[in-house]
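Below you'll find the structure, written out as structure tokens, and then a few comments.
Just so we're on the same page: letters track the sequence lines, and every chain starts at 1.
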2 protein chains.
Amino acid sequence: MNSEFTLAVHSLTYLALHPGWMATSNAIAESTAVHPVRVRKVLGLLRKQGYIAAKEGCAGGFILQVDPGELDLHDIYKITSKGTLLPKCSSANPDCVVGANMKTTLTTIFGNAEKQLETFLAGYSIKDVALMVRQHPSKQITEIVTGF
Amino acid sequence: MNSEFTLAVHSLTYLALHPGWMATSNAIAESTAVHPVRVRKVLGLLRKQGYIAAKEGCAGGFILQVDPGELDLHDIYKITSKGTLLPKCSSANPDCVVGANMKTTLTTIFGNAEKQLETFLAGYSIKDVALMVRQHPSKQITEIVTGF
DNA sequence: TATAACTGTAATCATATTCATTTCAGTTCA
DNA sequence: TGAACTGAAATGAATATGATTACAGTTATA
């Protein structure tokens, strides 16, 4: 899965685990270890979908706008990774049966594969991810205030 | 899906539709519109698995070694694309719960997604792909000798 | 109302990945 | 013996990805 997806999911999970706060792109950049500008770019996509709100200026930042239990990985996938599974075979030989029809054939097959993947991803909410992250034994920082 | 996979499937389909022939890397390169050296490189992987045989020297080339109905897209996926679905989030902040555990969490989720994808791909044999390619209306070159 | 702390966005640069291309050694057939 | 192949390494070009810089616009607050 591409890194825009993982960055988006990471950011949303971070926001879900800091309910009521305004998290700055710098704070999220520290957690994700990517550049703040990139955080703002990806979060801009989530804002356009209404999943988060952004506030400019002093004391600004990002905050979740939806119930983490109602936002699933398919929602994120649609924004950051749609079509990832589709085959990359641009221009084979049109004068050969195989060359002429391979792209359509594989696109059909992987179109269905992607539908199945999307259904699978719809089974995980950001809340689920947040719970999985917290359940993991490697770090249990209990000071974090969580809403669930 | 990455282009090694599509190149491998394209090549195998080509071989399946030319049973009994020795197809050269040049012939396959013409159908796929990629460089012959790359064809040989990818077909080398398939040869190592025993799916095809390669013959060096004059009148050499590649030929299918297995029943196209018994070779499925999961077999190819394993060789060319294993792990494609796994998330790319290398080194987040280990001092943050989210950063410390996101990779493991997403790897767990997408590990299952990949298993599901592999099951899906196992449902399509090279024979199926060859039939789909021939059924497609855009090119029906009937001179091609086929074994099924 | 001035300033500090933010987001939004464009532009540029560095790095990584992907592929084509060249080259050549080894193999096989005629 | 030479032409037609594969195998494999090495190089270079093109593309994709991500960091960085820069700056305009926004907002709280002292």
Side-chain angles (χ1 to χ4, degrees), chain A residues 1-8 10-11 14-15 18 21-65 80-81 83-84 86-93, chain B residues 1-8 10-11 14-15 18 21-65 80-81 83-84 86-93:
Chain A
M1 194 48 42
N2 64 8
S3 66
E4 276 207 340
F5 177 90
T6 61
L7 178 51
H10 189 141
S11 302
Y14 184 99
L15 294 177
H18 297 80
W21 296 18
M22 274 289 182
T24 67
S25 60
N26 265 301
I28 298 173
E30 265 197 24
S31 175
T32 55
V34 306
H35 201 279
V37 169
R38 202 172 156 227
V39 171
R40 292 202 290 273
K41 198 176 163 195
V42 171
L43 293 201
L45 301 172
L46 301 175
R47 178 179 54 76
K48 282 169 191 161
Q49 296 297 318
Y51 299 147
I52 62 177
K55 190 181 164 196
E56 300 185 4
C58 192
F62 300 91
I63 192 166
L64 216 50
Q65 285 291 96
T80 62
S81 313
T84 292
L86 297 185
K88 282 152 201 148
C89 38
S90 39
S91 50
N93 189 342
Chain B
M1 194 47 43
N2 65 10
S3 66
E4 277 207 339
F5 176 90
T6 60
L7 177 51
H10 189 140
S11 303
Y14 184 97
L15 294 177
H18 297 80
W21 296 19
M22 274 289 180
T24 67
S25 60
N26 265 301
I28 297 174
E30 264 196 26
S31 175
T32 56
V34 306
H35 200 277
V37 169
R38 203 172 156 226
V39 171
R40 292 201 289 272
K41 196 176 164 194
V42 171
L43 292 200
L45 301 171
L46 301 175
R47 178 178 54 78
K48 281 169 192 161
Q49 297 297 318
Y51 299 148
I52 62 177
K55 191 181 167 195
E56 299 185 5
C58 192
F62 300 91
I63 193 166
L64 215 51
Q65 284 292 95
T80 62
S81 313
T84 293
L86 296 185
K88 281 152 203 149
C89 38
S90 39
S91 53
N93 190 342

query: How many Å lie between CG on B/N2 and C1' on C/dT18, as a whole number?
result: 11 Å

message: So, using side-chain hydrogen bond (donor to acceptor under 3.5 Å, both in side chains) as the criterion, who are the partners of A/S3 when residues are at least two apart?
response: A/R38

- request: To the nearest Å, give me how far apart NZ (B/K88) and P (D/dT17) are.
  value: 9 Å

- line: Scoring nucleotides 20-30 of chain D by protein non-hydrogen atoms under 4.0 Å (B base, S sugar-phosphate only, - none) yields BB---BBBB--

task: Provide the closest heavy-atom pair for A/A33 versus B/N93 in the form atom of the first, atom of the second, distance.
output: CB-N, 4.4 Å

- request: Starting at atom CE of A/M22, determine the distance to atom P of C/dC6, rounded to an integer number of angstrom.
  value: 12 Å

task: Give the minimum heavy-atom separation between A/A59 and A/M22, together with the two atoms involved.
output: O-CG, 4.0 Å

- prompt: For A/I63 and C/dC6, what is the distance between atoms CD1 and P respectively, to the nearest whole Å?
  reply: 15 Å

- prompt: What integer distance in Å separates B/W21:CH2 from D/dC5:P?
  reply: 14 Å

query: In residues 24-32 of chain A, which residues come under 4.0 Å of DNA chain C by heavy atom?
result: A/T24, A/S25

field: Partner set under ring pair (Phe, Tyr, Trp, His ring centres under 6.0 Å) for B/Y14, not counting sequence neighbours
entry: B/H18

task: Send over the distance from A/L7 CG to D/dG18 C1', rounded to a whole Å.
output: 11 Å

statement: Heavy atoms of A/A92 and B/S31 approach each other most closely as CB-O, 3.4 Å

message: Tell me the interatomic distance from B/L46, atom CG, to D/dG7, atom C1', rounded to whole angstroms.
response: 15 Å

message: B/S25: which residues meet the side-chain hydrogen bond (donor to acceptor under 3.5 Å, both in side chains) condition with it, sequence neighbours left out?
response: B/R40

task: Scan residues 48-60 of chain B for pairs that pass side-chain hydrogen bond (donor to acceptor under 3.5 Å, both in side chains), counting only residues two or more places apart or in two chains.
output: none

query: Are any side-chain N or O atoms of B/N2 and backbone N or O atoms of B/S81, one a donor and one an acceptor, separated by less than 3.5 Å?
result: no

query: Roughly how many Å is it from CG in B/L43 to C1' in D/dG7, rounded to a whole number?
result: 12 Å

message: For A/Q65 versus A/I52, what's the shortest heavy-atom pair and its separation?
response: CG-C, 3.4 Å

